[in-house]
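Accompanying notes for the structure given below.
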Amino acid sequence: MWTKSVLILVFIGSCFSYPSPTKRYDGHSVLQILPKTIGDVHELMSLAQKYHLDIWKSPRFLNETFDVRVNPEQIANFVHDVESLGLKAKQWIIDLQKLIDNTEPTRSRRATSFSTGAFNDHASINSYLDSLASNSRVTVHSMGHTYEGRTIKYIKISNNVGSSKKAIYVDGGIHAREWLAVSTVLYMIDQMAHNPTHDRTIETLLGTFDFYFAPVVNPDGYEYSRTQDRMWRKNRRPVIHGCNGVDLNRNFAYHWNPDNGGSHNPCEEVHSGTHASSEIETRNIQNFLCGHGNLLAYLNVHTYGQYWIYPWGYTPVLPADYRDLDHLGRTAATAIRHTHGKSFTVGEDTRVLYAAAGGADDYAKGACGVKYSYTVELRDTGLHGFVAPTSYIIPAGEETFAGFKAFATELIRYEHL
Ligand code: 0X9
Ligand code: ZN
């Protein structure tokens with residue numbers, strides 16, 4: 001009798017729950033540490049390596065903080081080590097699980113049918129993209145499949161489907177946990193495809209450019225982050241027993257180098273893969289980028305930190321045309337600031353953020369010749385970090401789209417198109 005009841009309960013439970021439990025972050029903290037010297041920065045990086053910590057933000061300048069996620073078992077020892085360096089570790093996010101619970105909808109409240117104001121699942125996003133095919137300006141395409149067999153879809157928006165103009169490509173979700181990047185690219189798609197406010201700028205831009213948008217280029221990781229582990233970053237290919245995933249933004253085949261901001265270790269968040277373009281998702285994006293010779297600009301959208309940055313990520317040596325990239329980036333940042341007051345830092349990857357080889361932005365520019373190639377890190381500056389609340393979706397969409405329109409408009413003037 002008892003066994004039967006348990007079996008019935010287990011059966012009922014399995015009808016309402018996901019196949020395996022979501023990873024929890026109870027008691028995980030995000031600590032902020034302010035280094036006093038460059039030596040401190042190096043010491044903190046080695047400590048983070050020693051404890052295998054998830055680095056959320058590393059400082060480029062001495063007045064910036066080093067943000068790391070620490071689990072409850074590590075915190076006492078880690079803080080002790082930090083204090084031995086003469087530094088203070090401030091608990092910035094005290095209980096990451098509470099932040100996750102408070103800032104994102106529970107599973108039952110998550111959108112199951114598509115909404116631009118929600119964090120949508122990948123199947124709903126693909127159905128939404130398919131539904132746009134009824135719009136005469138939109139065609140829907142596949143970039144290829146993922147390791148787990150999902151389709152990476154992209155759309156082309158053009159006011160003359162047959163013609164081939166200079167083009168701008170925007171993608172999101174290369175890092176699984178950066179849900180706001182996905183929602184923001186979807187917001188931009190919605191505006192460009194429907195022009196709900198009858199915005200004349202959109203019509204002007206469509207007179208000069210074709211647009212490509214791929215909202216989720218790492219859908220296996222994105223779905224894993226939605227259902228199993230909110231903090232997942234990489235793709236999902238099993239690399240060695242017990243450790244899955246390659247950081248796709250360390251895997252691109254332009255100056256690929258795990259020793260430069262990546263890792264050889266498959267258990268690390270920034271594992272670069274065993275060789276350049278080892279991942280099917282990377283190869284699909286690379287083929288897209290180099291297969292469209294008319295691409296003039298590329299935005300690889302991420303969270304967080306509020307940066308609009310450009311190559312190179314593998315070296316502090318500036319590209320010869322950096323002034324052009326800088327000017328266009330500043331145009332975007334100004335329009336963003338005029339929307340909801342958010343300040344975005346513009347500059348070269350290694351100088352304003354950190355060095356990391358094998359990024360999509362470097363590949364687009366270095367291997368495919370896409371002149372205006374950027375990484376865009378959306379809001380915020382650390383309050384919610386990677387765990388953006390749903391209340392950010394629309395304002396982040398609005399400010400990024402304003403930046404995007406200003407960027408594309410200025411591109412027409414600057415490049416005499
Ligand atoms: O580390 C990254 O891949 C990006 N930051 S994130 O916090 N979203 O993970 C920045 C990438 C900048 N571009 C290159 N380093 N090439
Ligand atoms: Zn990212």
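Here the structure is a predicted model, which is why all the values come from computation and not from measurement. All ligand and atom numbering here is 1-based and tracks the order in the structure. The figures that follow rest on heavy atoms only: side chains count, while hydrogens, waters and symmetry mates do not.
Ranking the protein heavy atoms by distance from atom 11 (C) of ligand 1 puts Asn249 ND2, 3.5 Å first. When only non-hydrogen protein atoms are considered, atom 12 (C) of ligand 1 lies nearest to Thr375 OG1, 3.8 Å. In this structure, atom 15 (N) of ligand 1 lies nearest to the protein heavy atom Ala356 O, 3.1 Å. The nearest heavy-atom contact from the protein to atom 14 (C) of ligand 1 is Asp349 OD2, 3.4 Å.
Asn160 and Ser158 form no side-chain donor-acceptor contact under 3.5 Å, judged by distance and modelled atom types alone. A donor and an acceptor atom, one from each side chain of His122 and Glu223, are nowhere located under 3.5 Å apart. Checked by atom type, the side-chain pair Gln97/Asp101 shows a donor-acceptor distance below 3.5 Å. Between the side chains of Asp171 and Asn300, at least one donor N or O lies within less than 3.5 Å of an accepting N or O. For the 3.5 Å distance criterion, the side chains of Asp121 and Tyr222 fail to qualify, holding no donor opposite an acceptor.
Which parts of ligand 1 touch Gly313 is read off a 4.0 Å heavy-atom cut-off, strictly below it: atoms 14 (C), 15 (N), 16 (N). Interface of Glu178 with ligand 1, defined as ligand atoms under 4.0 Å from a residue heavy atom, comprises 6 (S), 8 (N), 9 (O).
The shortest heavy-atom distance from Thr303 to ligand 1 is under 4.0 Å. Ligand 1 lies less than 4.0 angstrom from a heavy atom belonging to Tyr354. Residue contact annotation: Arg233 has a non-hydrogen atom under 4.0 Å from ligand 1.
Annotation: cation-pi pair Arg230/Trp179 present, NZ/CZ under 6.0 Å from the ring centroid and within 45° of its normal. A cation-pi arrangement is present between Arg379 and Tyr392, with the terminal nitrogen or guanidinium carbon under 6.0 Å from the aromatic centre and inside a 45° cone about the axis.
For His175, the N, O or S atom with the smallest separation from the Zn ion (ligand 2) is ND1. The atom of His302 that is an N, O or S and sits closest to the Zn ion (ligand 2) is ND1.
Within 6.0 Å of NE2 in His42 there are 12 or fewer heavy atoms belonging to other residues, nucleotides or ligands.
When His302, His175, Glu377 are checked for heavy-atom proximity to atom 10 (C) of ligand 1, Glu377 turns out nearest. Relative to atom 13 (N) of ligand 1, the option among Asn300, Val352, Asp361 with the closest non-hydrogen atom is Asp361.
Under the 30°/60° scheme for interplanar angles, the aromatic rings of Tyr374 and Phe407 are found to stand perpendicular.
Residue contact annotation: Glu377 places no N/O/S atom under 2.8 Å from the Zn ion (ligand 2).
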